[in-house]
Amino acid sequence: MTDALLTVEGLSLGFRGDGGFAHILDGANMTMKRGEIMGLVGESGCGKTTLASAILGVLPRHALEIRGGRIRFDGIDMLDAAQGAQQQAVRGRRVTFIPQDPFTSLNPVFTIGQQIEELMKWKSPRRPVGPSRAPTLLTPYPRARRKADREKIMEMLNLVQLPRPEQLLKKYPHEVSGGQRQRLMIAMALLPEPDLIIADEPTTALDVTIQAQILGLLRNLANDRGVAVMLTTHDLGSAYEICDRITVMYAGQDVEAAPVAEFFNRPTHPYTAKLLASLPEGGGGMTGIPGELPSFYAPPPGCRFQTRCDRATEACRTRPAPDLAGPAHVVRCAHPLFQTTPATPLKEVQA
Amino acid sequence: MTDAPILTVSDLTVRFPIRGPFARKLGEIKALDGVGFDLAQGEILGLVGESGCGKSTLGKTLMGIQAPTSGSITFEGKEIAGRTPREARALRRRLQYAYQDPGASLDPRWKIGKSLEEPLIIHTDLPRKERLAKVREILTSVGLPAGHADLFPHEISGGQQRRVGLARILMLNPEVVILDEPTAGLDVSVQATVLRLFRDLRETFDLTYIFISHDLSVVRLMCHRVAVMYLGRIVEVGPVEELMDSPKHPYTQSLLAAIPKVNGPRVTENFWLEGEPADASNLPPGCRFQGRCPHVKPICRQEDPADRTVGAQTVACHFAGEVFPPVPTPKESTPA
């Protein structure tokens, strides 16, 4: 695909710990196009945040062990150590991040204005790419750029509907509410004018009324500016609200990827179907999925959902190949709920 | 279900002073402002509202963790507000509080069995053997293997910790259980099993629940009656079906409209409620929802509306029954 902004292919990584090797991501695949909002859905502990952190390159280096796979962002290999300088130019600037918890992501001892200015000093789109020649602490912040950045900051704070931005910049983080802090985080993620925003459960800490406002804001800004958003969430309702496409993960494997309408009306992987059935408003009431996630230290071979799946057979002991259940609807299951066709012919056409 | 209320709350007020230098009082936060409701035996009452609206303060005041500024709480015909710690302890056997984060409320250095045994040591004089038998019995009834008594809290998952939290509450055979955000932070798949457990336990142990939550879809599934709180006051209370299907207070209307519904019209495209709740320490005169209400009229800025009965609900709004949510622009829902 030529218009892919981000591709993750067969990413397999884990951490060495006391209990052995924890195999967190096992052959995870994902593709994102420019300007697309993609939902990454799954239970907690299924590797959503690990995948997001791997793209950002912020996983703890001493314990990390990458066993294979690639992450390509706009032609740059994000895992290749030889391309360190290019990766550095991408991170924080062309890929930005909205954290889950707006309460702990701002430094309590600096004013909001100081923190935004610090961000813009390093990650402003008007700053030339590359490391500065001066030592880090002595790096100048030219007055002309500071002024231009300041105007951008004001514009952005108005855009995210924060009241009285001038006063707000002088406040400390504890003086503003959670909803306002999350708006600030969105503003800070948008200020470097990125191509991709990774939003890690941006609304879980917020109330429903504020959630609706924040999701609407994110969608409008992404649409207006053509920014791709990767929204990791376990709330299917908010994924339905703003996503164009949804990828479902289970225990570090991608199990299904589909456009949003297909996803909710024709769930083809048994896990997706069970996830949808356990929604409180789904009519089924309190079904839930019996059992728990397999241990990452000794995961079952092949499809990792086999331990909780009622359709599991011997064939599930090898990882099923990606099949198509509809246009752009990829499923990896040996016993899908709907008829599928092997995906390979289509891939050749696109290549 | 009998008609006599097991718990009656009337005109309950809690204020927190804001103190400046030298403990000078600068103002006060009206955490609860004239809250009143009845709770019938065997009922599940939902308590919903945004964060900071006083849901948890109400729960804690009922438990006696927080002393009320004024008002009364009657539990089984006895006044329990403003008791001494000794009297409160005896009452606490019958009235239990399930905390929001069960992982944080278990001692990480105590085995689960020890945590479960502790209430029996404090409140009863059962011999050790009977205590252990009781621990096993309760563990099985919340759906955990009895062997879990020998594990530490970090060795079990979040859903299981939630079950242990419940088990600890059930040790003393309470009558009323206050569940404070019992499903916050749980995945949908785990949430469903935990909710079913609440239902089953209510059948087995004959419990009455106060279910504090901000998740309205869960409340609809679980509760008989719902009270909607906004900035320390109950703005609407009524049976769950009527309240959810035809909300009368504009705040309830917007709260219900904010829930994302799979395969419904998208909320983010036509959500009308703007801004955030007012500062609880500095409420304007009149209705507390005036700053965000789409139907605000001059009278709302002068008079705080009294409770009035409209249909099956009790609503605190001047225009209850006359206002309707703004009609969302009809939009093609995504075809199957």
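All chains are named by letter (A, B, ...) in the order of the sequence lines, taking the proteins before the strands, and each is independently numbered beginning at 1.
- Contact detail for Ala192(B) and Ser278(A): the closest heavy-atom pair is CB-O, 4.3 Å.
- Listed options Gln211(A), Glu241(A), Glu262(A) were ranked by heavy-atom pairs under 4.5 angstrom with chain B; first place goes to Glu241(A).
- Of residues 169-187 of chain A, those residues with a non-hydrogen atom less than 4.5 Å from any non-hydrogen atom of chain B are, in numerical order, Ser177(A), Gly179(A), Gln180(A), Arg183(A).
- The stretch residues 213-225 of chain A places Gln213(A), Leu215(A), Gly216(A), Arg219(A) near chain B, each with some heavy atom under 4.5 Å from a heavy atom of that chain.
- When only modelled atom types and interatomic distance are considered, Glu50(B) and Thr209(A) share a side-chain donor-acceptor pair under 3.5 Å.
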